[in-house]
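Since the structure comes first, as structure tokens, the remarks are kept for the end.
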Amino acid sequence: MSAESTEPTAPRSFWLAGRPATGAGSFEVRNPYDGSLVATVSVPTDEQVEQAVAAAHAAVPATTALSAHARASALDHVARRLGERTEEIAQLITAENGKPIKWARGEVGRAVSVFRWAAEEARRFGGEVQRLDTDAAAAGRTAIVRRFPKGAVLGISPFNFPLNLAAHKVAPAIAAGAPILLKPAPATPLAGLLIGELLAETDLPEGSWSILPVPNERMAALTTDPRLPVISFTGSTVVGELIQGQAPHKHVTLELGGNAAAVVLADYSTEDDLDWAANRIATFANYQGGQSCISVQRVIADRAVYDRLAAKIVDAVARQGVGAPTDPATDVGPLINEAAAQRVEQWVNEAVDAGAKLLAGGTREGATYAPTVLAEVPHDAKALCEEIFGPVLVLQVVDGVDEAFAAVNDSKYGLQAGVFTHNLQHAFRAHRELEVGGVVIGDAPSFRADQMPYGGAKASGVGREGVKYAMADYTYERVLVLTGI
Ligand code: NAD
């Protein structure tokens, strides 16, 4: 891995109230795989941040009044342009994030879907007429109920899906008629800024959107500003809780971390069953180096299938292709930086020192951590009870469904769970009892379709994304009572 760099000519601009702008100073975006310089990005000044907030606030009447047709047309345009530029954008994501190119292409496809769904939801976003005269006291009255934006939205997105999770902030805001100020992650600002290029080709109202790479230490100016009454945050639990504390009177949606479990029950026992489960678990523990909030971290297997499953998982993990993210055959690339890989290494070493068995992996080269499988991990080891956010699986053995589901719930997190079973009773029981935002039957927990409600229980978050659910979060019902009608 070399550290060659091509010096970019000038810092990239950000988007201030719909226009490209540069500020004071810049920061570097480096390729996590080889350390090369991908770009430098200009940093907005305090004054520019203030201008963006004022513009977003001032744009609320215009975005609220914007027709469904205009909202949907802008969203369709962005979807179409993302689709046309898929390869270029995927290469950009791979360069700034280190994500293997096949996953980066998939991410662009998902962002296209998010904008398309948002266009459809914008067309559907209606209201209802209510009879109020069911009560004698309300005779002669009728209500029209419509949803209106709570105000401008502050969207804060993480590094691990730099395009699609930015899309999940921007697209529902446009569909709901809310101005949006997006703050992308400092390691991966380029995909978020690229959305600005496409929005700039639309006729969205003046000042209604900004994309600002504001440094973390200056973010309180935004999170506490009353002109941004809605915050939609995706990122770590620690930062999400900090923001929630800073903004007690705001509507704050938090999409936070997890240590998702895949449960394999005793009935899932044929060779084909276990091959499928092992392959899916190995794939979704390691895709993007395990840097997905719903990566499989814990495997909770019934004793009846544990030994055979564990052997198949170790084999499947060994088949994961580790290498250069630009190689289409690569499954596992680097983590976001070397410090992240060192932290994962430290947590694995701590678990092994405390008695865990290392069944695969456990090695690091720069920012790349090898796909790793641990068993017999002590209950309080960070590799088990915290979010590892790396390519590490922890195998646990249980006896029966009660123990399996109790083990899933024995976590401070609760984002999604996967349950490999053919038994409908177990499937419905999982839906009832697992303390998570989503249960996936017959697959790993790492499945997300962008229109479904997505979010966590416990320390994994508050509120739901998924286009129409985010639109509901960004808006509130306002009733119009008509008298004599
Ligand atoms: P992070 O919390 O470090 O950063 C997330 C965003 O918050 C970034 O834009 C960052 O610049 C910003 N930020 C940091 N400090 C801030 C502050 N004091 N005030 C305001 N904003 C601040 O997270 P990350 O490392 O970028 O992303 C990884 C985390 O995101 C993991 O925990 C992962 O599970 C979580 N995640 C959750 C979901 C979900 O939908 N639940 C999806 C993807 C990632």
Side-chain angles (χ1 to χ4, degrees), residues 27 29 32 41 43 49 96-99 107 110 114 154-169 181-193 211-225 228 231-247 250 252-260 287-297 335-337 339-340 343-344 386-390 411-416 436-438 445-448 450 452-466 469-470 473:
F27 65 98
V29 179
V41 175
V43 178
V49 172
E96 68 172 345
N97 172 282
K99 173 177 307 206
E107 181 175 347
R110 286 184 57 188
V114 168
L154 171 61
I156 304 175
S157 55
F159 76 80
N160 63 335
F161 289 88
L163 182 71
N164 196 36
L165 293 179
H168 268 286
K169 310 296 176 205
L181 196 161
L182 175 73
K183 207 297 285 179
T188 58
L190 303 177
L193 289 169
I211 304 176
L212 297 182
V214 179
N216 293 342
E217 59 279 11
R218 287 169 46 208
M219 280 299 290
L222 290 171
T223 55
T224 59
D225 193 307
L228 301 170
I231 301 177
S232 176
F233 172 84
T234 303
S236 61
T237 298
V238 61
V239 175
E241 288 176 351
L242 174 88
I243 291 172
Q244 197 175 34
Q246 288 171 339
K250 297 194 180 198
V252 183
T253 299
L254 299 175
E255 300 286 342
L256 307 177
N259 59 358
Y287 89 122
Q288 310 183 154
Q291 297 171 118
S292 161
C293 48
I294 41 174
S295 295
V296 191
Q297 181 171 338
L335 300 192
I336 191 65
N337 52 42
R343 181 192 50 75
V344 172
E386 300 293 337
E387 174 182 54
I388 198 153
F389 226 52
S411 169
K412 65 181 172 188
Y413 296 110
L415 203 46
Q416 292 204 150
V436 292
S446 324
F447 175 82
R448 178 180 186 186
D450 294 285
M452 75 186 207
Y454 183 77
K458 303 194 274 190
S460 288
V462 180
R464 293 291 176 267
E465 280 198 333
Y469 304 93
D473 267 3

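Note that these values count all heavy atoms, side chains included, but never hydrogens, waters or copies made by symmetry. Both counts, for ligands and for their atoms, begin at 1 and track the order of listing.
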side-chain contact (heavy atoms from CB on, under 4.5 Å) partner of Leu190, the single match among Asn97, Leu163, Val29 = Val29

key: Carboxylate-amine/guanidinium proximity below 4.0 Å for Glu386 and Arg343   = no

query = In Å and rounded to the nearest 0.5 Å, what is the CG to CG distance from Leu181 to Leu212?
reply = 5.0 Å

Identity and separation of the nearest protein heavy atom to atom 23 (O) of ligand 1 = Ser236 N, 3.4 Å

query = So, the side chain of Ser460 versus the backbone of Gly257: is there a donor-acceptor pair under 3.5 Å, distance only?
reply = yes

query = Any cation-pi pair here, Arg110 with Phe161, using under 6.0 Å and within 45°?
reply = yes

query = Just which atoms of ligand 1 are under 4.0 Å from any heavy atom in Gly257?
reply = 32 (O), 34 (O)

note = atom 13 (N) of ligand 1: of Leu165, Leu154, Asn160, Asn216, the nearest heavy atom sits on Asn216

query = So, does Pro184 sit close enough to ligand 1 that a heavy atom of it is under 4.0 Å from the ligand?
reply = yes

query = Between Thr237 and ligand 1, which part of the residue brings a heavy atom under 4.0 Å of the ligand: side chain, backbone, both or neither?
reply = neither

message = Test of understanding: given a 4.0 Å heavy-atom threshold, classify the contact between Ile336 and ligand 1 as side chain, backbone, both, or neither.
response = neither

query = Does Pro186 come within less than 4.0 angstrom of ligand 1, counting non-hydrogen atoms of the residue?
reply = yes

ask   = Ser157: heavy atom below 4.0 Å from ligand 1, yes or no?
value = yes

ask   = Can you tell me if Lys250 uses its side chain to pair, donor with acceptor, with the backbone of Leu228 under 3.5 Å?
value = yes

key: Under 3.5 Å donor-acceptor, Glu465 side chain and Glu255 backbone   = no

query = Phe159 and Thr188: which non-hydrogen atoms are nearest, and at how many Å?
reply = CA-OG1, 3.2 Å

query = For ligand 1, which atoms, with element, lie under 4.0 Å from some heavy atom of Tyr454?
reply = 39 (C), 40 (O)

message = Under 3.5 Å, is there a donor on one side chain and an acceptor on the other for Thr234 and Lys169?
response = yes

query = Atom CG of Asn160 and atom OG of Ser295: how far apart are they, to the nearest 0.5 Å?
reply = 8.5 Å

message = Any side-chain to backbone donor/acceptor pair from Thr237 onto Ala459? Under 3.5 Å, distance only.
response = yes

For Phe233, the option from Leu154, Ile243, Thr253, Leu242 that meets side-chain contact (heavy atoms from CB on, under 4.5 Å) = Ile243

ask   = Within the structure, does Lys183 bring an N/O atom to less than 3.5 angstrom of an N/O atom in ligand 1?
value = yes

query = What residue and atom, counting heavy atoms only, is the protein's closest point to atom 36 (N) of ligand 1, and at what distance?
reply = Cys293 CB, 3.7 Å

Shortest heavy-atom approach to atom 29 (C) of ligand 1 - which of Ala185, Pro158, Gly235, Pro189 = Gly235

key: Protein contact to atom 24 (P) of ligand 1 [nearest heavy atom, distance to 0.1 Å]   = Phe159 CD2, 3.6 Å

remark   = Quick note on ligand 1: atoms under 4.0 Å from a heavy atom of Leu242 include exactly 18 (N)

key: Protein heavy-atom partner closest to atom 20 (C) of ligand 1 - residue, atom, separation in Å   = Met219 CB, 3.3 Å

message = I'd like to check atom 4 (O) of ligand 1 in this structure: does the protein have a heavy atom lying under 4.0 Å from it?
response = no

remark   = Within the 4.0 Å heavy-atom cut-off, what Glu387 brings close to ligand 1 is side chain

inquiry  = I'd like to check whether Thr234 has a polar contact with ligand 1, where a contact means an N/O of the residue lying under 3.5 Å from an N/O of the ligand.
reply    = no

inquiry  = Minimum distance, heavy atoms only, to atom 37 (C) of ligand 1: which one of Leu222, Val239, Asn164, Leu256 is it?
reply    = Leu256

request  = Could you tell me which atoms of ligand 1, counted from 1 in the order shown, lie closer than 4.0 angstrom to a heavy atom of Ile156?
outcome  = 6 (C), 7 (O), 9 (O), 12 (C)

